Number of protein chains: 2
Amino acid sequence: MPLKNTGTETLIKETAKRLFFAEGKLHATTQEIADAAGVNRTSLHYYFRSRDLLLEAVFKEAMQALSGRMNECMAAEKPFRQKIEDLIEVFLKDMTAFPYQETFLVTEINTLGKELIENIKAEPINNFLTEVKEEMHNGTLEKIEPIHFLMNLFSLLSYPLIMAPLYRQLFQISEKKFSELIGQRKEIILKMLFTE
Amino acid sequence: MPLKNTGTETLIKETAKRLFFAEGKLHATTQEIADAAGVNRTSLHYYFRSRDLLLEAVFKEAMQALSGRMNECMAAEKPFRQKIEDLIEVFLKDMTAFPYQETFLVTEINTLGKELIENIKAEPINNFLTEVKEEMHNGTLEKIEPIHFLMNLFSLLSYPLIMAPLYRQLFQISEKKFSELIGQRKEIILKMLFTE
DNA sequence: CTTTTATTTAACAATTTTGTTAAACAAAAT
DNA sequence: ATTTTGTTTAACAAAATTGTTAAATAAAAG
């Protein structure tokens, strides 16, 4: 079976990903996606049958990629602190490129159906939570419900990037200055999470 | 001029607010809004002329209310720590009722135009940032760029509530257990923000 | 009681968005 | 060179969504 593979399929998928997750245009039409990709709108149906299926494809791929990288960090044979540093870097990189990915997931659960989050495996997270608990016994971390530790980590990483457009206005800072601030986040977050 | 004032206008506005900000249905149609409010769709046009104008009305009102309450906290004649506690309570209450409000703002800036965030006054925030700086000199707070302090505060408050549906799945916890966790956030956040 | 005015509704029209069909095109296989 | 197969496109159809008009309803004013 000779596939010509003109790259159009991935082009459409990557373009949709950019519009949805990077630019936050959650209700981009098929026409807008096709235009941004520079292809005819019919190609979109040729490869994905419908708008919803394109959306699903983009979504599953992105979530799988991210949760894969995160699980890799969490399950690695490294000291706890190193794992956290890895997680911060992976997550920060992803959130910088695609700040609206998780927001999108959460607000689209109604539309797309819960199967999207149902097949997110809870096991790697649970193992990691156990490890967090151990660190609390060691005194490396404040003794709180381990879930709070993870929520704190994700919050400190994600929220500033989601709110970037608002913060630039609110704090009257340039795009450059904002990037600088984000560059400082890793150290700030580490200091907040670990009791020195 | 005798206004009958049947309450329909506010009913529509409150219903739209609920759908948009509480349930996260950012692209609810006029029909869905009308149905949820139990009125004819034409009433929606009668009071607001178009979908966009309804959206704008809902938006401006919500943002004004929230920023008003926040400015009140920040400008109050109270000790710094008390102000932060007030802010946490105000914000936590608002985010619990309407978790998607800020997300909505940020992702709709493209569509609704930047005038929505342009008339958010930066002054109260700037005054407060100065105060934060003073606290850092006093040693009450870790010495970092003051903007980080505020980003940390807002992140720790908002993100867990935005991600609630995802977290309940990821951490395998009930709605009740999740509410309990949120109830513990104030103390957790205070501990993280202040160097004891 | 009648008139006026605000509100609500049904019916219709216009626009936008999605989806389908069939034809045109281009590269590989025979 | 011709056939086959995969890809792209234009034209068309269907559905969903918004917006308008005019009639029906009901409450207040005269």
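Here is the naming used below: chain letters follow the sequence lines, and residue numbers restart at 1 for every chain. Since we're looking at a predicted model, the values are computed, not measured.
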Self-check item: Atom pair distance, as rounded to whole Å: CG in B:Asp52 and P in C:dT16
Solution: 13 Å
Quiz prompt | Distance, rounded to the nearest Å, where B:Asn40 contributes CG and D:dG19 contributes C1' | solution = 13 Å
Quiz prompt | Ring center gap for A:Phe91 and A:Phe154 short of 6.0 angstrom | solution = yes
Quiz item: Would you find more than 12 non-hydrogen atoms of other residues, nucleotides or ligands less than 6.0 Å from B:Arg81 atom CZ?
Solution: yes
Self-check item: Rounded interatomic separation in angstrom, taking CG from B:Leu55 and C1' from D:dT17
Solution: 15 Å
Quiz item: Which dot-bracket string describes DNA chain C (Watson-Crick N1-N3 plus N6-O4 or O6-N4, or G-U N1-O2 and O6-N3, all under 3.5 Å; [ ] crossing; | other strand)?
Solution: ||||||||||||||||||||||||||||||
Quiz item: Quick check: are there more than 12 heavy atoms from other residues, nucleotides or ligands sitting under 6.0 Å from NZ of A:Lys93?
Solution: no
Practice problem: Would you indicate which nucleotide in C:dT18, D:dG19, C:dA6 comes nearest to any side-chain atom of A:Arg51? | Solution: C:dT18
Exercise. Identify, residue by residue, the members of residues 9-36 of chain A with a heavy atom below 4.0 Å from DNA chain C, and return them in order of residue number, or none.
Key: A:Thr29, A:Thr30
Exercise. Could you state the atom-to-atom distance from NE2 of B:His45 to P of C:dC12 in whole Å?
Key: 18 Å
Quiz item: Quick one: A:Leu44 CG to D:dT9 P, roughly how many Å, whole number?
Solution: 12 Å
Practice problem: Find the distance B:Tyr46:OH to D:dT25:C1' and express it as a whole number of Å. | Solution: 13 Å
Self-check item: Between P of C:dT17 and CZ of A:Phe48, the distance in whole Å
Solution: 21 Å
Exercise. Could you tell me if the ring centre of B:Phe128 sits under 6.0 Å from that of B:Phe149?
Key: no
Quiz item: Among D:dT18, C:dT7, C:dA10, which is the nearest nucleotide to the side chain of B:Thr6?
Solution: C:dT7
Practice problem: Verify the cluster assignment for B:Ile88 and B:Phe194: are they in a single hydrophobic cluster under the rule of side-chain heavy atoms below 4.5 Å apart? | Solution: yes
Quiz item: Is the centre of the B:Phe20 ring less than 6.0 Å from the centre of the B:Phe104 ring?
Solution: yes
Quiz item: Any donor and acceptor pair, going by atom type alone, linking the side chain of B:Arg69 with main-chain N or O of B:Ala65 inside 3.5 Å?
Solution: yes
Self-check item: Ion pair B:Glu32/B:Lys25, N-O distance below 4.0 Å
Solution: no
Exercise. Name the nucleic acid region contacted by B:Tyr47, choosing base, sugar-phosphate or nothing; use a 4.0 angstrom heavy-atom cut-off, strictly under.
Key: sugar-phosphate
Quiz prompt | Side chain B:Arg168, main chain B:Glu175, donor-acceptor under 3.5 Å | solution = no
Quiz item: In terms of the nearest nucleotide of DNA chain C, which residue is placed more toward the 5' end: B:Arg41 or B:Thr8?
Solution: B:Thr8
